[in-house]
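Sending over a structure as structure tokens; questions will come in a sec.
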Amino acid sequence: MTNLPNLITTMRFFLIPAFVVMFFSSVENSLMYSTLIFAIAGVTDVIDGYIARTYNMVTKLGIVLDPLADKLMQLTVLICFTIKDYIPMWVIVVIGIKEVLMIFGGIFLYYFGDKTVIPANKFGKIATISFYVAIFIVATNISSILSLVLISLTVVLTIIAFINYFMDFTQAHKDLKK
């Protein structure tokens, strides 16, 4: 079902290649412009979620597409920032593994589990907010120590979120077998 929140979510998919093009462009301040594109993706994520919940426009498609758009954008940002050595490789390994497992776990439950969807939880949302703040701090180069602390905090929060999602996935998988 197409509605405004789903259209906004779909727009976020187009922001991913826009981010990459700007990030690697020779335009002066390309890092800040690409970070702005990333921020726009974050703001539209909040907006589409707010509209969907407030106006009862939540759909199964939106529940699937919304986190997929977030995960793809986050992975893209991680890859780009790692390529340019703004963040260490271990960050993308930990967060990347979590995000890829989340994508495949979500696909498994949706297609092989009677369209079961595990919605975002507070731990995942906190980890996402932390990720956005950390990327902003890294991009603005305010402090390398603060950047490392925030990136490390984001990794810890991501691990906590993953454990929580894994428990939800395990419960949903058990429920399917019944």
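The chain is numbered in sequence order, starting from 1.
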Distance-only criterion, 3.5 Å: show the donor-acceptor pairs between side-chain atoms of residues 131-141 and protein atoms not counting sequence neighbours.
from   : atom 1 : to     : atom 2 : distance (Å)
Thr140 : OG1    : Phe136 : O      : 2.9
Thr140 : OG1    : Ile137 : O      : 3.2

Distance-only side-chain donor-acceptor flag, Asn3 / Thr59, under 3.5 Å: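 No - no donor-acceptor pair under 3.5 Å links their side chains.
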Value rounded to 0.5 Å, distance of OG1 in Thr82 from CD1 in Ile95: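 That separation rounds to 9.0 Å.
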Greater than 12 external heavy atoms within 6.0 Å of Tyr50's OH: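 No.
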Heavy-atom donor-acceptor pair, Ser130 side chain to Ile126 backbone, under 3.5 Å: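 Flag not set: sc Ser130 to bb Ile126 has no pair under 3.5 Å.
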Atom pair CD1 (Ile159) and CG (Asn164), whose distance is rounded to the nearest 0.5 Å: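 Here the rounded value is 14.0 Å.
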Nearest-0.5 Å distance, OG of residue Ser30 to CG of residue Leu36: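 Ser30 atom OG to Leu36 atom CG measures 12.5 Å (nearest 0.5 Å).
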Main-chain N/O of Asp66 paired with Thr9 side-chain donor or acceptor, under 3.5 Å: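 Between the backbone of Asp66 and the side chain of Thr9 there is no qualifying donor-acceptor contact (under 3.5 Å).
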Qualifying residues under ring-ring contact (aromatic ring centres under 6.0 Å, His included), relative to Phe123, sequence neighbours excluded: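 Expected list: none.
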Atom of Phe24, atom of Cys80 and distance for their closest heavy-atom approach: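 So the two residues come closest at CE1-SG, 3.5 Å.
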Heavy atoms of other groups near Tyr55 OH, more than 12 under 6.0 Å: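 Result for OH/Tyr55: open.
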Interatomic spacing from CG in Asp45 to OG1 in Thr128 - rounded to 0.5 Å: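 Those atoms lie 7.5 Å apart.
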Thr54 side chain to Ile51 backbone, donor-acceptor under 3.5 Å: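 No; judged by distance alone, with no hydrogens or angles, the pair does not exist.
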Closest contact, heavy atoms only, Glu28 versus Tyr33: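 In terms of heavy atoms, the two residues are closest at O-CE1, 3.3 Å.
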Distance in Å, Met89 CE paired with Ile83 CD1, rounded so as to fall on 0.5 Å steps: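 Answer rounded to 0.5 Å: 8.5 Å.
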Nearest heavy atoms of Ser34 and Met22, plus distance in Å: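 Distance-wise, the nearest heavy atoms are N-CG, 3.5 Å.
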